[in-house]
Amino acid sequence: MKISIKQYAQALYEMTLNKSEVESGAIVENFVKELAKNNQLKLMPKIVEKFEQIYNENNGIVVAKVTSASSLDKNHLDRIEKYLADKYRAKKVILNNEIKPEIKGGVVLRVGDDLIDASITNQLRNLKASLEV
Amino acid sequence: MKNHIVEQLKKQIENFESQAKTEKVGKVLEIGDGVARISGLSDAMASEMLEFSDGTVAVALNLEEDQVGAMILGDYKGIKEGDEVKSTGKILSIPVTEKMIGRVINPLGKAIDGKEEIKADKFYPIEKVAPGVIERKSVHQPVQTGIKAIDAMIPVGRGQRELIIGDRQTGKTAIAIDTIINQKGQDMICIYVAIGQKESKISRIVAELEKNGAMDHTIVIVAGASDPAAFSFISPYSGAAIGEYFMDQGKDVLVVYDDLSKHAWAYRQISLILKRPPGREAYPGDIFYLHSRLLERSAKLDEKFGGGSITALPIIETQAGDVSAYIPTNVISITDGQIYLEADLFYKGLRPALNVGLSVSRVGSSAQIKAMKKVAGKLRLDLAQFRELEAFAQFGSDLDEKTRAQIERGKRTVEILKQNQYAPMLVENQVSIIYALINGFMDDVAVEKISEWEEGFHKFMKSSKKDVLDKIATQKELTEEIVKDLEKAIKEYKESI
């Protein structure tokens, strides 16, 4: 029976929930041994990624990436953090700031599957489309 | 003047409200063979339009737990793994407009004939539920194909689906093209959908349509053999969507799907790449639904809903005359009749190579004008009886008078029903020649001279007896007066040769 990455990650999460660091270490060791037995060690990176996702989901942590033309000051970053915390009802927001001069201005927010494109390039594109009608 | 434009532009820009809304994005996991597997896009809907970062459009076909299988509509070479994909929230639709008439377009509505771009204001969905029972009316107006054998014995009506089926090179496309050419002045908009055809064949067809003045009422949709399978898959539905745009305006439309066999192949290719389980002949399980939902969109609408119609002429290519193969049987059971073309008849010189016995129109004479009904009523039966007796004729044995007469009449009927390509005949001319035939006016003409006689007859009627033809065309009935005039005309012609 083929076990999916999601199922592995889910199982690992449930097993290590509320366990101490020492106990978790033993569980992880057994987990890796089980993976090796099933010849599924190559799935490790994806399982770690999925585990992180499940952990964040269950603990109200939101990981977001904000792209801007030039680096944002603390004031802006705080405001974006608060906005995201409200929107996703998150307890904690991890915000990464990526610098991309091509967007000319504004911000592009990326949280998981969601994208909010408030960049100048996108606005100009929308303006062009509305004028063409 | 320039100032005014600038002012208007300034106002438009000022009134522009920029909005940043939350969009759902996904990432390309895998791409190849015209299909992309995308992660994310958690709220993608079935058949939703997705957009890649370079503007290419895709349709979400497989919705799995944590990925979406999408069919790419266009060139997928510019897309790579890891690219971002946005969902548009729209079902796949194409632009529709009157300006498409006379143009050659691709299944997404873009002009490909090198002339100016087509700008449309309306968008019609490619997939649509067919009109229900209440919206429809029974088929009662004819579609004049211009081909004597079909208009007389296997008549097609507006709103009917008539399948043209036969082996390769038996004249299937020729019948469709002749029908389109004959729709000049018949108040009909024609749409020719070329599915997976050779580009050389398509350019020949377009040239022929232009030469005969048919492009003035025709739209050609091309999904060529070198275009992605996705284009071949949606092209018939695009044709139906454009047809529905005109039908909703109360107009009559003729759509030719050439051919649905290649359409089934394209869908099979996409389904196999999407890892949908293969069934009989490796076709996916819903191959019947693929064609049934397409052909159901042809209908004759009730006056309350505009009274428009879409007539469908799907074409299916059989292998070695096998009409009991999977796809042919599927489509035969969907359509309201079939025109069956046989290779043997073609090579014997009978063109169009119609097998009258196996061909049928389930709408029948309600799709004929009264004049044609009167003259062609017994034609089919007589021809069938002739075929039975034909074997005896070969023996040359002693036959009684009645049998011999039947055979002679049958031979002349067969001669009359032969017709050249690109020479569709108006219904009044058809009625006049068939009248001459069944009332014995040609019994004294040698069989080899029949086609010559016919050609001369039509020329004669067009030049000196045009009023009789016009009367038949307008009154659509063979009144006593017209019959008298017609008989007089035939006798005059016979005397003149």
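So that the names make sense, note that chain A is the first sequence line, chain B the second, and so on, each numbered from 1. Owing to the predicted nature of the structure, the values given are computational and were not obtained by experimental measurement. Excluded from the calculations below are hydrogen atoms, water molecules and symmetry mates; all remaining heavy atoms, backbone and side chain alike, are included.
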Is [X] atom [atom1] crowded by more than 12 heavy atoms from other residues, nucleotides or ligands, each under 6.0 Å away?
X        : atom1 : value
B:Glu281 : CD    : yes
A:Arg79  : CZ    : no
B:Glu7   : CD    : yes
A:Tyr55  : OH    : no
B:Glu64  : CD    : yes
A:Glu102 : CD    : yes

Practice task
Enter the distance from B:Glu23:CD to A:Arg110:CZ here, rounded to the nearest 0.5 Å.
Solution key: 11.0 Å

Exercise for the section: Drop me the distance from B:Glu84's CD to A:Asp117's CG, to the nearest 0.5 angstrom. Expected result: 8.5 Å

Practice task
Could you tell me which of A:Leu109, A:Asn122, A:Leu127, A:Asn126 has the largest number of non-hydrogen atom pairs under 4.5 Å with chain B?
Solution key: A:Leu127

Exercise for the section: Report the option among B:Val25, B:Leu41, B:Asp43 that has the most heavy-atom pairs separated by less than 4.5 Å from atoms of chain A. Expected result: B:Val25

Problem - Pairwise side-chain contact, A:Leu115 with B:Lys24, heavy-atom cut-off 4.5 Å (strictly under) - result: no

Handout entry: Which atom of A:Asp113 lies closest to which atom of B:Ser42, heavy atoms considered
Key = OD2-OG, 3.3 Å

Completion exercise
Applying a strict 4.5 Å limit to non-hydrogen atoms, the region of B:Lys27 in contact with chain A is neither

